[in-house]
There are 2 protein chains.
Amino acid sequence: MTGDLYLGYRDGDADTPFGKFFKPEMAALPDHVVEALQHGPQGGMALLAFGDAATVADEGYHQTENGYGVLEDGSFQVSVRTDMPEVTPAMWTWWFGWHGCDTRRYKLWHPRAHLSAAWKDGSNDAGRRGAQRYIGRWSMIKEYIGSTMLTAAIQFIAPPSMGLPEDSDDGVAVCARLGSGDAPVDVGWFVHHIRSTPVGSEMRSRFWMGGPHIEVRNAPGMASKAVRPIASRVLGDPVATARNLLVHCAQEMNHLAAFMPQLYESFGDE
Amino acid sequence: MTGDLYLGYRDGDADTPFGKFFKPEMAALPDHVVEALQHGPQGGMALLAFGDAATVADEGYHQTENGYGVLEDGSFQVSVRTDMPEVTPAMWTWWFGWHGCDTRRYKLWHPRAHLSAAWKDGSNDAGRRGAQRYIGRWSMIKEYIGSTMLTAAIQFIAPPSMGLPEDSDDGVAVCARLGSGDAPVDVGWFVHHIRSTPVGSEMRSRFWMGGPHIEVRNAPGMASKAVRPIASRVLGDPVATARNLLVHCAQEMNHLAAFMPQLYESFGDE
């Protein structure tokens, strides 16, 4: 599944036990996402500061649950909620570990934008279980955000390193540093916080990109002029990219959530 | 009707047999167009490559029937569908020939954006019939796409020259090379493919603009640095222009389709 990049399934791609879950048609965006897109960029103070990232695990909701905009520090921030009936937080823990070793699994998630995925360590790692299957690992992906093809390194980290609590049955946080897959430059962070609701669960996604989050990898504080051109190639215009990222995240999370219970039932013990 | 440029009708403009069809209010965009605008720019591989243009005449639908985005080659692509109850493909063949000699006809189509139209050859050519009334001719138009006023030369070509079949009762393709009306520079291509449906017909429009489609007219391969500034003035920011073009095309096709059957009944033999 490395080599040629293309969208969706071809030839024998569906000839796997999970192939029947590849659905080329994506669900419509939820109304609350459409409303956020109509509102356009929000004032920085209405958006979640990176320093407050851990509050996504608190009870209640943020001032902006769905929206995007540019913060005072020049970074851009994206927040979006996904309502997921019949989905549990544990299903997402499983998904983030399970999908990463096979492009055909990754493509289930966003059939119109996902191109390839592989763990940097090359291992399929079927032995590991739970969040230990992705925490500390790098998922090397290619995908479109809007019309821009990105080669990214998603470096999963433990929730406490961003101030969030350890995962539990009722709350799971998937946290990562985001960077270029081609160059040793990081450009952002995300948290997907999934918590139980009376009918299933809800995911509250938060991204911070650009501005002070651009750093030479493993050399904090050394974000020099030299890396800005690389970072800006990855990030593009902040308002436009933030909007495209909101659409992308809402699409993939809603799409997968619609068949996650059945997928998990079939493959959750893999 | 040459001379002053203005939107819509003034003074005696409506004093023609067809003047009663000038409707200043445009219909709302169809839901599937609104959805495409919400989604924003799509990944290049989800869009129709220029080399696959002829597949618009195939049965079925494309991966992206409604959407826009930037392709790998730097061009931008726009696709949009117009559902047209009670309209036949032949009505569009008639329209593309009939409207081009009179700005007042051209304005019926898009009362908020169309400024002027005339055949470059200066002939009204009432003697010709069918697609031979526009194929091989140049329609010199002024119109807004978004806030940008364009002076364009629409050079209609025969469908087989883009690999499409000859027109039939059930399928008509209106194909053109698009260029500047001021300078000998071409910038794009379009196909409007209209096919019968059980309730009338549907138009599936496809545009490719910019990138390798910028050429000095009649000098293929000579797209030099010298013409890029002219072309980029015409085209603007690719993502923004693609979006504006999608809106414009959806508006004009839906607007005209709403009264096309009556218009054709009255003037289809002219």
Side-chain angles (χ1 to χ4, degrees), chain A residues 4-10 22-41 66 68 78 80 103 107 110-116 141-151 236-252 254-255, chain B residues 28-52 55 60-81 146 206-213 235-247:
Chain A
D4 271 7
L5 293 176
Y6 54 89
L7 290 174
Y9 275 14
R10 284 188 188 165
F22 180 80
K23 299 171 196 293
E25 291 299 323
M26 303 198 77
L29 293 173
D31 288 347
H32 65 265
V33 171
V34 171
E35 194 173 291
L37 294 172
Q38 285 166 349
H39 288 165
N66 303 283
Y68 65 95
V78 173
V80 61
T103 288
K107 286 182 172 184
H110 199 317
R112 295 179 54 85
H114 284 183
L115 292 161
S116 70
I141 58 161
K142 287 181 190 287
E143 66 177 338
Y144 286 104
I145 303 292
S147 282
T148 305
M149 194 197 297
L150 294 182
T151 299
D237 170 69
V239 172
T241 304
R243 186 193 191 282
N244 293 340
L245 181 57
L246 193 155
V247 170
H248 181 105
C249 180
Q251 285 187 309
E252 67 187 359
N254 281 283
H255 184 73
Chain B
L29 292 173
D31 288 347
H32 65 264
V33 171
V34 172
E35 194 173 288
L37 295 172
Q38 285 164 353
H39 287 165
Q42 300 298 299
M45 290 184 198
L47 300 167
L48 187 63
F50 182 65
D52 296 330
T55 63
Y61 293 93
H62 285 139
Q63 179 175 11
T64 299
E65 280 288 314
N66 303 283
Y68 65 94
V70 179
L71 304 181
E72 291 294 315
D73 61 10
S75 65
F76 62 85
Q77 201 275 326
V78 173
S79 294
V80 62
R81 193 187 83 239
R206 303 290 183 267
F207 297 83
W208 298 264
M209 308 278 278
H213 307 301
L235 296 173
D237 170 69
V239 172
T241 305
R243 185 190 193 283
N244 294 339
L245 181 56
L246 193 155
V247 170

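Both backbone and side-chain heavy atoms feed into the values below; hydrogens, waters and symmetry mates do not. Order of the sequence lines fixes the chain letters, A, B, ..., with proteins taken first and strands second; residue numbering starts at 1 for each chain.
Put simply, the side chain of A:Tyr144 gets close to the backbone of B:Met45: a donor and an acceptor are under 3.5 Å apart. Of the possible polar contacts, one joining the A:Ser147 side chain to the B:Gln42 backbone as a donor-acceptor pair under 3.5 Å is found.
In this structure, chain B has no heavy atom under 4.5 Å from any part of A:Glu143. Of the atoms belonging to A:Glu25, not a single heavy atom falls under 4.5 Å from chain B. Interface remark: B:Glu72 contributes side-chain atoms only to the contact with chain A (heavy atom separation under 4.5 Å). Of the atoms belonging to B:Glu35, it is side-chain heavy atoms, and not backbone ones, that fall under 4.5 Å from chain A.
The shortest distance between side-chain heavy atoms of A:Leu29 and B:His39 falls below 4.5 Å.
For the pair A:Arg112 and B:Ala46, the tightest heavy-atom approach, listed with the atom from each and the gap, is NH2-CB, 4.0 Å.
When each of A:Leu7, A:Ile145, A:Val33 is scored by its heavy-atom pairs under 4.5 Å with chain B, the top score falls to A:Leu7. Ranked by heavy-atom pairs shorter than 4.5 Å toward chain A, the options B:Thr64, B:Val34, B:Leu47, B:Leu71 are led by B:Thr64.
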